[in-house]
Amino acid sequence: MKIGIIGTGAIGGTIAKKMVTAGHDVRVANSDNGDKLQARAAELGAQPSALKDVVNNVDVIILSLPTMAIPTLPENLFSSVPDKVIIVDTSNYYPFRDAQIEDLQNGKAESVWVSEQLGRPVIKAFNNLLAETLLNGGKEAGSDNRIAMAIAGDDANAKKIVADLANDAGFDAVDSGSLEDSWRHQPGTPAYCTELNKEELRISLDKADKEKAPLIRDKAIEELSSRTTYPSHQEIVEFNRNLAIN
Ligand SMILES: NC(=O)c1ccc[n+]([C@@H]2O[C@H](COP(=O)([O-])OP(=O)(O)OC[C@H]3O[C@@H](n4cnc5c(N)ncnc54)[C@H](OP(=O)(O)O)[C@@H]3O)[C@@H](O)[C@H]2O)c1
C-alpha cells in the first residue's frame, strides 16, 4: 500500500520502519522540510515529503502527532484527498503536555475531537501500544500470546485494512467499536499500553470506566514523574497493569 505518515517521532517513526520492512511504499513528513527530515526519512528507509504532498496519492494517511499539534495542521491539508483514503489517528491526550482542551476535559472521545479538527472521519489505532512495544513486541501471526492492538472507527472496511497493517507490524487486532467507543483504549484504561493478547484486550475494553480513566491517567503521570530513576519498559507495562487493578 502507499502510506503517508505525518510525525516521525517514537510512534510515527516506528510505524514507518515497520511498514517499510513489510514492503509498503512509505513517505513521511514532520515539522521540518529540510535536512532534518531528509536524515530521519533515510534512517527509517522512507521517502521524505513536504507536509502538503504526504497526503497525496496514498491509500492510508497516519497522523502521529501530539494532540496539541493537530489543530495547527494547514486548514486545507485534506481538501483534495479522496474520501476512500483512510486516515489513522494514533494520538493520546495528556493535559500536562497538550494544554487544556475543554471538549476533551468534558469527556469527548479524543479521536472524535481529532476527526472534528480535520473535518474527516478517522480510525483510532496504534494508540494502545507503547513505542517500545511496537518496536520490539511484534510476533509472527498465530504465535502464543501475540500482543493485540485496539482499532476503533465507523468504517468496517477501513478497520480491516488497518488490522492488516497491524498484522504486518507483528500484532493482532481487536475491533473496539465505533469512534465514539474509542475512549475505551484511551490513557487510564485497562487496555492502554498493558501488552494484552486478543482475549485479554477484549475483556479489558469491556472493563473500561469512562469517569475514572482521566483520573487514573493523571495519577499515573504524577507517580511516574515523581520517580528519581526512569523505569524500564517492563516496569512501565507492569505499572500500567497495576493501575487497572488498583
Ligand atoms: N510514545 C509512545 O509510546 C506512544 C504510544 C502510543 C501513542 N502515542 C501518541 O502518538 C502521538 C505521537 O507520539 P510520539 O511519541 O511519536 O511523539 P513524538 O516522539 O514527540 O513525535 C511527534 C512527531 O510529530 C511531529 N510534529 C509535531 N508537530 C507537527 C506539526 N505541526 N506538523 C508536522 N509534524 C509535527 C514532530 O516533528 P519533528 O520530528 O520535526 O519534531 C515529531 O516527528 C502522540 O499523540 C502520542 O500520545 C505515543
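Both counts, for ligands and for their atoms, begin at 1 and track the order of listing. Every value quoted in this text rests on a predicted model; they were computed, and no experiment measured them. Just the heavy atoms: all of them, side chains too, but no hydrogens, waters or symmetry mates, feed the values below.
Contact annotation for Leu129 and ligand 1: only backbone heavy atoms (N, CA, C, O) come within less than 4.0 Å of the ligand. Of all the heavy atoms of Tyr94, none lies under 4.0 Å from any atom of ligand 1, so neither backbone nor side chain is involved. In Met68, neither the side chain nor the backbone holds a heavy atom less than 4.0 Å from any atom of ligand 1. With a heavy-atom cut-off of 4.0 Å, Ile11 touches ligand 1 through backbone and side chain alike.
Within a 4.0 Å radius of atom 20 (O) of ligand 1, the protein has no heavy atom.
Not close to ligand 1: Tyr93, with no non-hydrogen atom less than 4.0 angstrom away. Every heavy atom of Glu132 sits 4.0 Å or more from the atoms of ligand 1.
Of the charged side-chain nitrogens involved, at least one lies within less than 4.0 Å of a carboxylate oxygen, so that Glu238 and Arg241 count as a salt-bridged pair.
Heavy atoms from other residues, nucleotides or ligands lying under 6.0 Å from NZ of Lys210 number more than 12. The number of heavy-atom neighbours closer than 6.0 Å to CG of Asp35, taken from other residues, nucleotides and ligands shown, is 12 or below. In the displayed structure, Glu222 atom CD is contacted under 6.0 Å by at most 12 heavy atoms of other residues, nucleotides or ligands.
Remark: among candidates Leu65, Ile70, Leu63, Thr90, the nearest residue to atom 44 (C) of ligand 1 is Leu65, based on non-hydrogen atoms.
Heavy-atom minimum distance, Gln186 versus Asn127: CA-ND2, 4.2 Å. Here the closest non-hydrogen pair linking Ile70 and Gln117 is CG2-CB, 4.1 Å.
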May I have the step-by-step check of side-chain contact (heavy atoms from CB on, under 4.5 Å) for Lys160 and Ile151, ending in yes or no?
-> CA-CA 9 Å; Lys160 204 175 157 301; Ile151 302 180; over 6 Å; no

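At under 3.5 Å, a nitrogen or oxygen of Gly9, whether backbone or side chain, sits near a nitrogen or oxygen of ligand 1.
Here the heavy atom of the protein found nearest to atom 41 (O) of ligand 1 is Ser31 OG, 3.6 Å.
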